[in-house]
Every structure is written in structure tokens, then in C-alpha cells.
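Presented below is the structure to which this report refers.
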Amino acid sequence: MQAEDDDDAPPSWRQRPKPIGFEIAYRLDGDTLEIDSTRKVDRVRLAAVEQVRFLYAPSNVTAKSFRTQLRLSDGKSITFGNLSWRSLTDIERDDPRYHAFVTALSATISRANPRARFVAGKPFPLWLALAIVGGLSLVMLAFFSLSAFRSGASTAGWLGIALGAVSFWQVWPMVRLNRPRELANGEVPGELVPGGKPN
């Protein structure tokens with residue numbers, strides 16, 4: 001998973017999105033995105049990108065997973081992330097190069113289609129459902145712990161508190177980072193595209 005080291009080379013990014021499968025290479029060629037999946041090469045006109053969405057997408061393996069999704073005018077979508085599988089158990093990250101490629105891609109899309117929407121987070125209905133389910137789960141665990149303590153089952157009560165803490169640690173970033181919001185044309189949100197230089 002890497003971008004090209006040559007400063008004169010077009011911005012590019014390589015990712016193996018699954019433990020088993022081919023590496024996919026993305027390369028900017030003017031106003032076109034070239035996608036090489038080893039078996040075939042697709043060329044996508046960036047003027048056809050209607051929406052760019054940035055997401056926080058934790059997995060069972062890591063909580064440091066982020067994705068960029070392009071929605072095209074024909075309804076198709078292209079999604080890639082900052083993580084690449086090296087083996088069944090090993091994941092590689094190169095956030096600075098990922099950030100550099102996404103920044104160059106976003107700037108090119110902005111020039112190719114000034115009407116393209118840039119958004120952060122999940123669509124509002126999905127985000128609201130996530131927030132409600134996460135909140136209700138925490139309330140239920142709190143009620144369970146309180147009931148356990150009142151009935152003298154302190155071990156169960158502490159277990160409920162521990163589960164609530166773990167749940168909050170997992171759910172809160174998903175709710176906070178995936179809050180739906182509109183971005184300026186070409187804007188790249190640092191909290192959803194890691195690797196940028198600190199302000």
C-alpha cells in the first residue's frame with residue numbers, strides 16, 4: 001500500500017482491501033482516475049463524480065479504519081480506504097500518503113466538477129439509527145447495573161459497568177466522527193482522512 005515516491009509521478013495509491021484478493025492501484029491521470037485491479041484497468045472521468053463521502057469505518061481488527069467513497073452520475077460507487085492487508089493477520093497503514101492522495105483526488109474532482117458534493121459521515125437516517133441504538137444500549141446496560149447493585153448482585157453490576165464502558169469506547173467515536181455534515185467543495189476533513197500535517 002503506497003503512493004509513488006517520484007515527485008514527478010501522478011498522485012497514486014495502492015491498497016489490498018481484503019485479506020485474500022488482489023491489490024488495487026489508483027492513479028490520477030489528468031481529470032481521470034485510473035483503477036488497476038490486476039485483472040483489468042478502468043478509467044473513470046472525475047467530472048462524473050457527483051459526491052465524495054468521507055467515513056470512519058472501524059472493523060473487528062482495528063479502530064483506525066477510514067474510507068473515501070466516490071458516487072458517480074451513473075449510480076456506481078468507488079470506495080477505498082487507508083488500510084491494506086499484507087496477510088491474514090497483518091494490516092499496513094500509511095496515513096500520510098493516503099491523505100496526500102485523497103487531497104490531490106479531491107482537488108481534481110473539484111476542478112473537474114465544481115458542482116460535486118463533498119460530505120462527511122454517514123447518511124442522516126443511518127447515523128440517527130446508529131446513535132439511537134448505541135444510546136439505548138448504554139441506557140439498558142446502566143439500568144442492568146443499577147438493578148444488579150440494588151439486588152445485591154454486585155459482580156453482575158460491575159460487569160454491566162465494564163460492558164457499558166467498552167460499548168461507549170466503541171460507539172462514541174462512530175457517532176461523533178460519522179456525524180453527517182456538508183463540506184466545502186474540495187474540502188478534506190482531517191479527522192476522517194488521517195495523515196495530514198497538524199495545524
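When the options V44, T108, I109, N113 are evaluated for a side-chain contact (heavy atoms from CB on, under 4.5 Å) with D31, the one that passes is T108. Partner V119 forms a side-chain contact (heavy atoms from CB on, under 4.5 Å) with one of E187, R71, Q51 and no other, that one being Q51.
Using modelled atom types, no side-chain atom of S84 and backbone atom of Q15 make a donor-acceptor pair closer than 3.5 Å. Here the side chain of W127 pairs no donor or acceptor atom with the backbone of M174 at under 3.5 angstrom. For S110 (side chain) and S106 (main-chain N/O), no donor-acceptor pair under 3.5 Å exists by modelled atom type. For the pair S65 (side chain) and P58 (backbone), a donor-acceptor distance under 3.5 Å is absent. Under the 3.5 Å distance criterion, the side-chain polar atoms of R27 are left unmatched by any main-chain donor or acceptor of A25. Checking side-chain atoms of N185 against main-chain N and O of P114 turns up a donor-acceptor pair under 3.5 Å. At least one donor-acceptor pair under 3.5 Å links the side chain of R16 to the backbone N or O of P19. Here the side chain of T32 pairs no donor or acceptor atom with the backbone of R43 at under 3.5 angstrom. Counting only distance, with no hydrogens or angles, the side chain of N82 and the backbone of F66 share a donor-acceptor pair below 3.5 Å. At distances below 3.5 Å, at least one donor-acceptor pair connects side-chain atoms of S37 with backbone N or O atoms of K40.
Residue pairs meeting the ring-ring contact (aromatic ring centres under 6.0 Å, His included) criterion with at least one member in residues 14-55, sequence neighbours excluded: Y26-F80. Sorted by first then second residue, the salt bridge (Lys or Arg N to Asp or Glu O under 4.0 Å) pairs that include residues 104-133, not counting sequence neighbours, are R117-E182.
The side-chain contact (heavy atoms from CB on, under 4.5 Å) test applied to S137 returns V133, not counting sequence neighbours.
For L192 against G121, the heavy-atom pair with the smallest separation is CD1-N, 3.9 Å.
Checked for salt-bridge contact, D95 and K64 miss the test: no charged N lies under 4.0 Å from a carboxylate O.
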